[in-house]
Amino acid sequence: MHRPLAFLVTVLLIASGAAALASDVPRPDDLRAMKAEYRRSAPRIADNPALVALGRTLFFDPVISASGKTACASCHRPELAWADDVARSMGDSGRLTERRVQTLLGIGHARPPFDWDGRHATLEAQAVSSIGTGSMSMFATPHEMRVDDIVARLRRSDSYAAAFARAMPGQPINLDNVVIALAAFERTIEPGDAPFDRWIAGDETAIPDAAKRGFVVFNKQGNCVGCHRGWRFTDDQFHDIGISNKDPGRGRERKDDPFAQFAFKTPTLRSVALRPPYMHDGSLKTLRDVVDHYVKGGIDRPSRSPMMRPVDLTEDERKDLVAFLRTLTGE
Ligand code: HEC
Ligand code: HEC
């Protein structure tokens, strides 16, 4: 080939290559509409700070378990995005929980019902169950502790007497008021500010280009947004995404609802990178495993969500999706 011509062809090739690369990075303008869906809600302002303070103390205090050794925070660990790092956690009775611990991040914004299977209508009812019969599980211990014993312990404590008096003047120390305080505290557990939030707010340097491409995959090719919607990345609904055959999930109570079988509440994806293993049974170890699950589409059965068809993602798109999920970790 002619020298100058060869040079020109090379220049053209490089230029078109650069153009293709540049268009791989989604441009701010193209993304404006998509990004608008992810602006954070204002944090919930507690109208009674003394009640929140009491709830916080109770949440971290093993005094509300039969053995006196298990606190809510033993399983909902703040440094692990208020979840745990195992598929099943050790309950106060020494037995393992049936399912993986759920994160409490942003729970004040969540729509009820609560738990993976939605068996509790309010946070207060959920807390009664955690203390009374569930994970704190005093009835399963050798001493058969009763809620009354726990309330008696609190009544014997001068500092709790003072804290209850500040939070709920003139009200008795009883289980109802314990769970009102716990729930008031839980509602203040806000997801920390994440690189993703700074990007949404306009800082283009806050997240890498791979994550920006992953955000597009999340919203388009992957249709993750079908269920992980809005700034908390959840629709607060229940879906069967084809994980396992063992646990009927929401179907345990709703036997006649075909779509409730094997359905679990869509988890928030806030700080998701901090809290493997994933899913209600902790069966997926890494975010890459999760993405590969969605590519395959999970167990095909009548209850599986119509939104769960295998998604055809390239190797690069899968990596970008994981890079995106990593930008949701709050401080
Ligand atoms: C032994 C571990 C353990 C302890 C202790 C524990 N939890 Fe949990 N928590 C879990 C598990 C596991 C789940 C999921 C339960 C399910 O769906 O079956 C859960 C779920 C929840 C949920 C529902 C979250 C959602 O998104 O719906 C809330 C709220 C909660 N716990 C609050 C508490 C409070 C308050 C305490 C203390 C009184 C507590 N937990 C103690 C393990 C624990
Ligand atoms: C049909 C609704 C639906 C769609 C579509 C969907 N998800 Fe999910 N996602 C869920 C539900 C429900 C769970 C919990 C399932 C379980 O535990 O069995 C979940 C769990 C997860 C988890 C684990 C979180 C945790 O705390 O364990 C991640 C990560 C995740 N999804 C990411 C994605 C990505 C990425 C996509 C797109 C490729 C996607 N999801 C598409 C409903 C959906």
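Every number for a ligand or one of its atoms is a count from 1 in the order of the listing. Counting from 1, the numbers follow the sequence of the chain as shown.
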Out of all atoms in ligand 1, which are within 4.0 Å of some heavy atom of [X]? Include the element for each.
{"X": "Val101", "answer": "11 (C), 12 (C), 42 (C)"}
{"X": "Leu123", "answer": "29 (C)"}
{"X": "Ile131", "answer": "38 (C)"}
{"X": "Ile107", "answer": "24 (C), 25 (C), 26 (O)"}
{"X": "Ala71", "answer": "5 (C)"}
{"X": "Thr70", "answer": "5 (C)"}
{"X": "Arg100", "answer": "12 (C), 14 (C)"}
{"X": "Arg119", "answer": "16 (C), 17 (O), 18 (O)"}

Exercise. Flag yes if more than 12 heavy atoms outside Arg56 fall under 6.0 Å of its CZ atom; otherwise flag no.
Key: no
Quiz item: How about Arg254: does its CZ atom have over 12 heavy atoms from other parts shown lying under 6.0 Å from it?
Solution: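 12 or below, so no.
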Quiz item: Contact between Lys265 and ligand 1, counting heavy atoms under 4.0 Å?
Solution: no
Exercise. Return yes when Gly91 approaches ligand 1 closer than 4.0 angstrom through a heavy atom, no otherwise.
Key: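 Within the 4.0 Å threshold, so yes.
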Does any N or O of ligand 2 fall below 3.5 Å from an N or O anywhere on [X], backbone included?
{"X": "Thr268", "value": "no"}
{"X": "Met279", "value": "yes"}
{"X": "Asn223", "value": "no"}
{"X": "His228", "value": "yes"}

[Y]/[X] salt bridge by N-O under 4.0 Å criterion:
{"X": "Asp281", "Y": "Lys246", "value": "no"}
{"X": "Arg252", "Y": "Glu98", "value": "yes"}
{"X": "Arg288", "Y": "Glu315", "value": "yes"}
{"X": "Arg198", "Y": "Asp203", "value": "no"}
{"X": "Asp84", "Y": "Arg88", "value": "no"}
{"X": "Asp85", "Y": "Arg77", "value": "yes"}
{"X": "Lys285", "Y": "Asp289", "value": "no"}
{"X": "Asp197", "Y": "Arg40", "value": "yes"}

Per-atom contacts of ligand 2 with [X], taking only distances under 4.0 Å to non-hydrogen atoms:
{"X": "Ile243", "answer": "18 (O)"}
{"X": "Ser305", "answer": "1 (C)"}
{"X": "His280", "answer": "16 (C), 17 (O), 18 (O)"}
{"X": "Cys227", "answer": "1 (C), 2 (C), 3 (C), 4 (C), 5 (C), 42 (C), 43 (C)"}
{"X": "Tyr278", "answer": "23 (C), 25 (C), 27 (O)"}
{"X": "Gly222", "answer": "37 (C), 38 (C)"}

Looking only at protein heavy atoms, identify the closest one to [atom] and say how far it is in Å.
{"atom": "atom 29 (C) of ligand 2", "value": "Val290 CG1, 3.6 Å"}
{"atom": "atom 34 (C) of ligand 2", "value": "Cys224 SG, 3.4 Å"}
{"atom": "atom 26 (O) of ligand 2", "value": "Arg275 NH1, 2.7 Å"}

Quiz item: Does Ile173 share a hydrophobic cluster with Leu51, counting links as ILVMFWY side-chain heavy atoms below 4.5 Å and allowing steps through other members?
Solution: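 Unlinked, Ile173 and Leu51 end up in two clusters.
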Quiz item: Does Ile189 share a hydrophobic cluster with Val179, counting links as ILVMFWY side-chain heavy atoms below 4.5 Å and allowing steps through other members?
Solution: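 Same cluster.
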Quiz item: Checking Arg318 side chain against Asp292 main chain: does a donor-acceptor pair fall under 3.5 Å?
Solution: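 Side chain of Arg318 to backbone of Asp292, a donor-acceptor pair under 3.5 Å: no, none is there.
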Per [atom], closest listed option by heavy atom ([options]):
{"atom": "atom 15 (C) of ligand 2", "options": "Leu321, Asp247, Ile241, Leu287", "result": "Ile241"}
{"atom": "atom 19 (C) of ligand 2", "options": "Tyr294, Phe264, Phe262, Trp116", "result": "Tyr294"}
{"atom": "atom 10 (C) of ligand 1", "options": "Met90, His76, Arg95", "result": "His76"}
{"atom": "atom 11 (C) of ligand 2", "options": "Pro267, Ala81, Ala273", "result": "Pro267"}

Side chain, backbone, both or neither: the part of [X] lying under 4.0 Å from ligand 1 by heavy atom:
{"X": "Asp92", "result": "neither"}
{"X": "Glu98", "result": "neither"}
{"X": "Arg99", "result": "both"}
{"X": "Ser130", "result": "side chain"}
{"X": "Asp115", "result": "both"}

Exercise. Name the orientation class of the two ring planes belonging to Phe218 and His228 (parallel below 30°, tilted from 30 to 60°, perpendicular beyond 60°).
Key: tilted
Practice problem: Report the relative orientation of the aromatic rings in Tyr38 and Phe215; use parallel for angles under 30°, tilted for 30 to 60°, perpendicular for over 60°. | Solution: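 The arrangement is perpendicular - the two ring planes meet at more than 60°.
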Quiz item: Strictly under 6.0 Å, is that where the ring centroids of Phe262 and Phe238 end up?
Solution: no
Quiz item: Does Phe114 have its ring centroid less than 6.0 Å away from the ring centroid of His120?
Solution: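 No, ring centres 6.0 Å or more apart.
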Self-check item: Region of Phe238 that comes within reach of ligand 2 [heavy atoms, distance under 4.0 Å]
Solution: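 Answer for Phe238: neither.
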Quiz item: Between Gln102 and His76, is any side-chain donor less than 3.5 angstrom from a side-chain acceptor?
Solution: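 Short answer, no.
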Quiz item: Just checking, is any N or O donor in the side chain of Trp231 or Ser41 under 3.5 Å from an acceptor N or O on the other one?
Solution: yes
